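As the structure is a computational prediction, the values presented were derived from the model and not from experiment. Each chain gets a letter, A, B and so on, in the order its sequence line appears, and its residues count up from 1.
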Amino acid sequence: MRAVLCSLVVLASCSGPAASDAALCRDVAHRLCIQPVCTDVMTQFAIVGDCETFMVAHAACGDETFIFKAPLDRETFLNCRLPLLRNGDATDTAPDCLDVSQTFEACPALVQLYGGTP
Amino acid sequence: VKKAAVLLLLAGCAGMEDTVRTERGPLLRTFDRPRVVEGGVRGQLSAEWPKLTLTLEGFDTCRSEHVEEYAEETIHEHRGAGAGASLSVGVVGVGAGALLLAFSPLFSNQPNTGSIDGAGHYGAPPRDIATGWGIGLMIVGVPALGVAIVQFLRTGEEVEATKVEQIANQSDEVCHLRKVDGPVLLSNDRGEHEGPFPAAGGALVLEASKLKAPIDAFVFYERDVPLDDGSVRLLGAFNGCLVLEQQNAAAPEAMSTGALMKRVEAARECKSLRGDAIAAELQKLEAEVTRRREGGDAAAFGAGAKKLGSFEEAVSAYPPRLTLEATSADLKKLDDVEHLSGQNVLVRGTVEAGLSPNIGVVKVANRELFVFLPPDAPWANEDFGLHTQVELVGTLSGLQTVGEKTAPLVKAVWMRKLSAARQ
């Protein structure tokens, strides 16, 4: 029993608690807007002002009560987000522009969430 | 029970190297140890024609061994394989793990918001990371430390002190001599066996008339009976007399040369046993042999003359007692040649004449020698022309008269040209 508990502790030490939907939403907006912004972001979004502020405002995820709704539920959003993590989990890691293009092509609902045109 | 199981598990992981070495200690003492080992049976012959008596003597071999006794230590060494490495890993692992676990409350328990993984989770809090590493290090370190402790506990050596003996030398002596009786077989040179003849009171008396052939060896319980040198000579003499007795005694003149030579040989051997009893016959036989040699019968020289393969072998087989050459002091001894009869000589001189195909004259300084050449000798085909320088080895045979000339006769065993010798 003790050995099982020890194993769980070791495995648990690899990750922390689940982030909220609002945090996930802001994380993607932050990654997409890290300078230099990819061409696809510039062409598919009619950004006015600050990129990140524009996207968070359009998605309305500045509020912690934000939750994902169908058809873009939390699971779908996480799957769409995966290509953006290929360069790393850290929130300040800029995604590759090819990965951004792949995300936009695979997930038009995500583009629409942030006020873009798929 | 659980502790025993853990110890057993650790002992199984703790591989040990076992070595055994032996160290010779000081010399403790020396002593002589008498032993009796297997001996045998030996024989001694005595003969009084026509009886031959074999005395059988059993013996043991008394052996005296000079023994040196040493102290010796057999050392069994047990060493843990990799105990040092296990100890290092164990100490570091357990130490670091314990420190991390002990101080983990000092680390923040807040998740790492600077990172969100693909499943949507924040990065682990530093306290959880410290606890995970601490447990991991303890998992590695504790067994390693356990293995190291078990290995160090089992490391050591066992010394077993013993005494060893070393035989420095030994000497054997014949001992416990006793008369032995039993059946004796006679083996002969045809490979046949006669008998068994019973030995009684340690002796076997044989009558010449009851023997079929000359005795080659005596066999006692499937082993040849060893004889001393005197007995071997006596057996040869007895066998010679037996041959003379068993052969048809035809007149020497009527015998073939081969039969004559065999009979002469047997008579010579027999003479030492029967002496005067066969002296007259031996004289007749030798006179006939001499007559045939002088008549050019090569077979009368015996088998030895034909078997020689070189001049050097002839010198070795007939070692010269005199050297007859121009500067030799031995030349003067030819004045009394009758006393030199039968002696081997080495002659170096010049061919002066050829009196017959087998007799020539060789001149040494101012002395002339008749040289008899055996016709079948391997070197006799060589042409020894007049005035050829030659050297020969042979036997002096007294004075010989050929025509009007009288000179010492040398029966050549081997002759060659001197020029050939110098090449």
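Within 6.0 Å of CD on A:Glu64 lie more than 12 heavy atoms contributed by other residues, nucleotides or ligands. Counting non-hydrogen atoms of other residues, nucleotides and ligands closer than 6.0 Å to CZ of B:Arg178 gives a total above 12. Crowding of A:Arg86 atom CZ: a count of heavy atoms from other residues, nucleotides or ligands under 6.0 Å exceeding 12. At most 12 heavy atoms of other shown residues, nucleotides or ligands fall within 6.0 angstrom of atom CZ in B:Arg223.
The two residues B:Tyr122 and A:Ala23 have their closest heavy-atom pair at OH-CB, 3.4 Å. Pairing each heavy atom of A:Asp89 with each of B:Ser115, the nearest pair is CB-OG, 3.4 Å. Of all heavy-atom pairs spanning A:Gly16 and B:Pro125, the tightest one is CA-CD, 4.2 Å. The two residues B:Gly118 and A:Arg81 have their closest heavy-atom pair at CA-NH1, 4.1 Å. Here the closest heavy-atom approach between residue A:Arg74 and residue B:Gly120 is recorded as NH2-O, 3.6 Å.
For a residue to count as touching a neighbouring chain, one of its non-hydrogen atoms must lie under 4.5 Å from one of that chain's; by this rule A:Arg31 touches chain B with the side chain only.
Interface residues of residues 70-78 of chain B toward chain A, defined by a heavy-atom distance below 4.5 Å: none.
Atom CG in A:Leu85 sits 8.0 Å away from atom CG in B:Asp117 (nearest 0.5 Å).
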